[in-house]
Amino acid sequence: MPELPEVETVVRGLSRHIVGQKIKTIHVLTKTSFSGLPVHKSIGLLVKSVSRRGKGIIIELAKPGVARKGEDGSNSLSLLIHLKMTGQLIWVPPIRRRSKSYGGHQRLNFGHPTDDFTNSMPSRHTRVWFELTPKGAPSGQRHTNYLYFNDMRRFGWVKLTPTAEISKDKFFSKLGLEPFDKNFTPAFLYTAIQHRPKSNIKAIILDQTLVTGIGNIYSDEALFYAGIKPTRLGRSITKANTTKLVSAIKKVLTKGIKYSGTSINTHRTPEGSMGQMQNYLAVYDRKGQPCRKCKTPIIKIRVASRGTHYCPSCQL
DNA sequence: TGCCCCCTGCAG
DNA sequence: CTGCAGGGGGCA
């Protein structure tokens, strides 16, 4: 499901809702979805921040009372979360009796079968869920709000780890540059491409150790705007190609964030709403439909063992 | 540096 | 029924 824009959407939404909240309980319904330190280590900690690195989510926790800057860095814990293909993080405000919108956690149906995720929770796809209370508030039901980690295919994970050890984490330690980092320049990408002359350009930009956050949708989109056919080999990519590609990557990711991500399938905002980027895609999921630039039907092939969409006329 | 695999559910 | 799905780890 999630690439950088979808994860960014989730992170921004969660920041608004859970920063400053205290962890009251964590329920692990699927053992294999949770790893690292035992759950009880996090009970009573406050959510200090919610951030993103590539497609990974970091919820930093702090002990109440030692939240001053830099004071608890050595022993703070973080919840690391990866949504992989079908993960969701859905936040539900305190249940108010008589509330029709949230009573019994009943929510709107958004018209997709996988929305059993958001209709009633915990759902059959909920793997881990959290009960939170506002800092300083009584821990009664009246103030308790909920965060649900749903994951149909169970590829995703939640991991409780010391903040200081994130840099050693199997996933986080391998990530390359953020696409919006000032060091992600045409020169940087061109050099990297020179090291992989025999790889498809698509495979290169999907490599998270190089630049992180681009997945199957946004790689197809970026290559379209850069006018580059996804099967082109590294050795054939010019400096001019690279310059266009770097701006195209930033452009499509920015657009994806603007529209709260692509909800072709299971992506939802923490409030349970769909993203809208699926309505603005140039090539992804548009097999047989006319190119938005030249009307030529979009082609779907397989590149780097991923479904790959491109315009045979605009992309050379 | 490519493939198979993890898993569930949907479209064709 | 088969193949495919927005990710990435482990293995030649």
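Labels below follow one simple rule: chain letters A, B, ... track the order of the sequence lines, proteins then strands, and each chain is numbered from 1.
No donor-acceptor pair under 3.5 Å is formed between the side chain of A:Asn241 and the backbone N or O of A:Leu245.
If you check the side chains of A:Thr163 and A:Ser78, you find a donor sitting under 3.5 Å from an acceptor. A:Glu271 and A:Thr269 are linked by a side-chain donor-acceptor pair at a separation below 3.5 angstrom, with hydrogens and angles left out of the test. No side-chain donor-acceptor contact under 3.5 Å links A:Asn150 and A:Arg268. No side-chain donor-acceptor contact under 3.5 Å links A:Tyr148 and A:Ser123.
In this structure, A:Met85 atom CE and C:dC4 atom P are separated by 13 Å, rounded to whole Å. At whole-Å resolution of the value, OH in A:Tyr284 and C1' in C:dC4 are 10 Å apart. Residue A:Ile264 contributes atom CD1, which lies 16 Å from atom P of B:dC10 at whole-angstrom precision. Spacing between atom NZ of A:Lys287 and atom C1' of C:dA5 amounts to 14 Å, rounded to whole angstrom units. One interatomic measurement links the two molecules: CE of A:Met152 to P of C:dG7, which rounds to 14 Å at whole-angstrom precision. Straight-line distance from the CG atom of A:Leu206 to the C1' atom of B:dT1: 14 Å, rounded to whole Å. If you take CZ of A:Arg306 and P of C:dA5, they are 8 Å apart, rounded to a whole angstrom. Between the CG atom of A:Asp151 and the P atom of C:dA5 there is a distance of 18 Å, rounded to whole Å.
Sorted by residue number, the members of residues 165-175 of chain A with any non-hydrogen atom under 4.0 Å from DNA chain C read A:Lys170, A:Phe171.
An OP1 or OP2 oxygen of C:dG8 is reached within less than 4.0 angstrom by no side-chain nitrogen or oxygen of A:Lys84. Contact annotation: A:His125 does not reach the phosphate of B:dC7 (side-chain N/O to OP1 or OP2, under 4.0 Å). Dashed line: the shortest gap from a side-chain N or O of A:Lys300 to OP1 or OP2 of C:dG3 is not under 4.0 Å. Proximity of A:Lys198 to the phosphate of B:dT1: no side-chain N or O atom is located under 4.0 Å from OP1 or OP2. Between A:Ser199 and B:dG2 there is a side-chain N or O to OP1 or OP2 distance below 4.0 Å.
When all heavy atoms are compared, the tightest approach of A:Leu46 to A:Gly20 is CD2-O, 4.0 Å.
Below the 3.5 angstrom threshold, one finds a donor paired with an acceptor across the side chain of A:Arg153 and the base of B:dC7.
For the P atoms, the distance linking B:dG9 with C:dG8 amounts to 22 Å, nearest Å. Here, B:dC4 and C:dG3 have their P atoms 13 Å apart, quoted to the whole Å.
Residue-level contact check: A:Arg127 touches neither bases nor backbone, having no heavy atom under 4.0 Å from any strand. Backbone-only contact: A:Gly307 has heavy atoms under 4.0 Å from sugar-phosphate atoms and none from a base.
Distances were taken from every side-chain heavy atom of A:Arg196 (C-beta onward) to each of B:dC7, B:dT1, B:dG9; the shortest belongs to B:dT1.
Between A:Arg53 and A:Ile166, the closest side-chain pair of non-hydrogen atoms is not below 4.5 Å.
More than 12 heavy atoms of other residues, nucleotides or ligands sit less than 6.0 Å from atom NZ of A:Lys293. For A:Lys258, the NZ atom is loosely surrounded, since the number of other residues' heavy atoms within 6.0 Å does not exceed 12.
Using a 30° and 60° split on the angle between ring planes, A:His82 and A:Phe171 fall in the perpendicular class, above 60°.
Helical stems in DNA chain C, defined as runs of 3 or more consecutive Watson-Crick or G-U wobble pairs with both donor-acceptor distances under 3.5 Å, are listed by first residue as B:1-6 with C:7-12, B:8-12 with C:1-5.
Between A:Phe155 and B:dC6, a base-stacking contact is recorded: ring centres under 5.5 Å apart, planes less than 30° from parallel.
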